[in-house]
There are 2 protein chains.
Amino acid sequence: MPRHAQHNRQETLDKALSLFWRKGFKATSLKDLEDALDMRPGSIYASFGSKEKLFQEVLQRYGRQGLVELERILTANSSPLGGLADYLRQLGELRDTPRPSHACMLVKTLLELGPGGQSALAQEILDSMETRFIDAFKAAREVGELAPGQDPERLGHRFQAQVMGLRAYAERKIERAALHALADDMADDVERLARV
Amino acid sequence: MPRHAQHNRQETLDKALSLFWRKGFKATSLKDLEDALDMRPGSIYASFGSKEKLFQEVLQRYGRQGLVELERILTANSSPLGGLADYLRQLGELRDTPRPSHACMLVKTLLELGPGGQSALAQEILDSMETRFIDAFKAAREVGELAPGQDPERLGHRFQAQVMGLRAYAERKIERAALHALADDMADDVERLARV
DNA sequence: TTTTATCTTGAGTGATCGCTCAAATCCAGC
DNA sequence: GCTGGATTTGAGCGATCACTCAAGATAAAA
């Protein structure tokens, strides 16, 4: 009996993701979304409830993709420190590919909406990322790759701050090569943690 | 014959700075400004021209204050690398004092308004900060504090990215002590560049 | 073909946006 | 006290905001 939905939910979320990532939450108007999603306001609200709920769903999607990508890189390298270094080097290639924004959407959201309320989900996802970084440093210690005096928690916080800085830096008008150099310097420092 | 202005321009700019720094450009409405500045729309527009021009003027003020503060810390330390390390350690105290936001207003602006157009001034000021960092590293090299193999430009980019990351990190719900530890770790690394 | 449950439409809601301007207000000089 | 020129006021402008809902469109079931 039912008429089937004309829009694929995942594709629609990807279009919204691109828009929100580029313009931020407040600067993205319903009009913008109508055009990008090729949906009229009624459909958007029937599907997602509100602009805010749509944004949360988009954030979830962005976060899940980011965590998957991180996991991919870490498991592709048998060395935990090497995996973390690879992750940084890959961020150095940010400017090689067109993207809605070079900065991290989670950080953009955190800075736009403040530490409370609406950006709570962004912070949760950032916490997940950081936890994964810390786990990698713990793995490095257990494998004997990391000097025993090093604290995985502190290294994880530090790594997270570096990633946030690198990606915010990438949002500036900067040359491709300079970003590569910056990311490589950071990656080299991570690998320098390995005891020789 | 003229009636003298009722508002002090610098004090007014400071109030606007607090608001814009906390809420960002788009989320700060004229109504917010009217309340915070205790001015009616006509006065605001007579004094500053537009919301955008007011924001630019506020950015200038923020940038100048930041550059002065950086200069103060660098010149207070006879060692260039020590001065840069001090700057980082002082950022570790961000959460000890109440502020409109713990994140850097220039980075918030860059991420909110994108790399083009309206945030051009924010990028210029970030460039000035970075140039000052690079000059400090150059000074360190000339004093013989820095190993000759090190490139002041790259170190400056790296330092800038670290500061951006640290301050974005500080915007998260994080404990005071954790931010101190993070800043100290970064500062120690800068001082470790000194040849022993 | 008709029915029916679901999805989509888009004109229109009240609220708020940045902003304007004629009138009111104010104070220094006469 | 009066007057002239600068400042301040605030009602209100058109545009846009997020959002609603009655009506229309669609396709599977009867």
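Values below: all heavy atoms of this structure, side chains included; hydrogens, waters and symmetry mates excluded. Protein chains get the first letters and strands the later ones, always in sequence-line order, with residue 1 at the start of each. Remember, predicted model here, so these are calculated numbers, not experimental data.
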Measure from [atom1] on [X] to [atom2] on [N] and round the result to the nearest Å.
X: A/L30; N: C/dA15; atom1: CG; atom2: P; value: 18 Å
X: B/I44; N: D/dG10; atom1: CD1; atom2: C1'; value: 12 Å
X: A/L19; N: D/dA18; atom1: CG; atom2: P; value: 11 Å
X: A/L33; N: C/dT9; atom1: CG; atom2: C1'; value: 17 Å
X: B/E34; N: D/dT8; atom1: CD; atom2: P; value: 14 Å
X: A/K51; N: D/dC19; atom1: NZ; atom2: P; value: 8 Å
X: B/M39; N: C/dC19; atom1: CE; atom2: C1'; value: 14 Å
X: B/F25; N: C/dG18; atom1: CZ; atom2: C1'; value: 9 Å

Check your understanding: Under the side chain to side chain donor-acceptor pair (under 3.5 Å) test, which residues partner A/S50, sequence neighbours left out?
Key -> none
Revision key, fill the gap. On DNA chain C, more 5' by nearest nucleotide between A/A46 and B/K26 is A/A46
Review point. Is the distance from OP1 or OP2 of C/dC7 to the nearest side-chain N or O of A/S43 less than 4.0 Å?
Key: no
Review point. Would you say a side-chain N or O of B/Y45 is under 4.0 Å from OP1 or OP2 of C/dC19?
Key: yes
Study note, to complete from the structure: Comparing A/P41 with A/S29, nearest DNA chain D nucleotide closer to 5' gives the residue A/S29
Could you check whether [X] pairs with [Y] (Lys NZ or Arg NE/NH1/NH2 to Asp/Glu carboxylate O, under 4.0 Å)?
X: A/R132; Y: A/E71; value: yes
X: A/E69; Y: A/R64; value: no
X: B/R89; Y: B/D188; value: yes

Point to revise | More than 12 heavy atoms from other groups under 6.0 Å of NZ on A/K15 | key: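 Yes, because the 6.0 Å sphere around NZ of A/K15 holds more than 12 heavy atoms from other groups.
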Revision key, fill the gap. Testing D/dC19, D/dC17, C/dC19 for proximity to the side chain of A/K31, the answer is D/dC17
Check your understanding: Looking at the side chain of A/R40, which of C/dG10, C/dT8, D/dC17 is the nearest nucleotide?
Key ->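 Per side-chain heavy atoms of A/R40, the pick is C/dG10.
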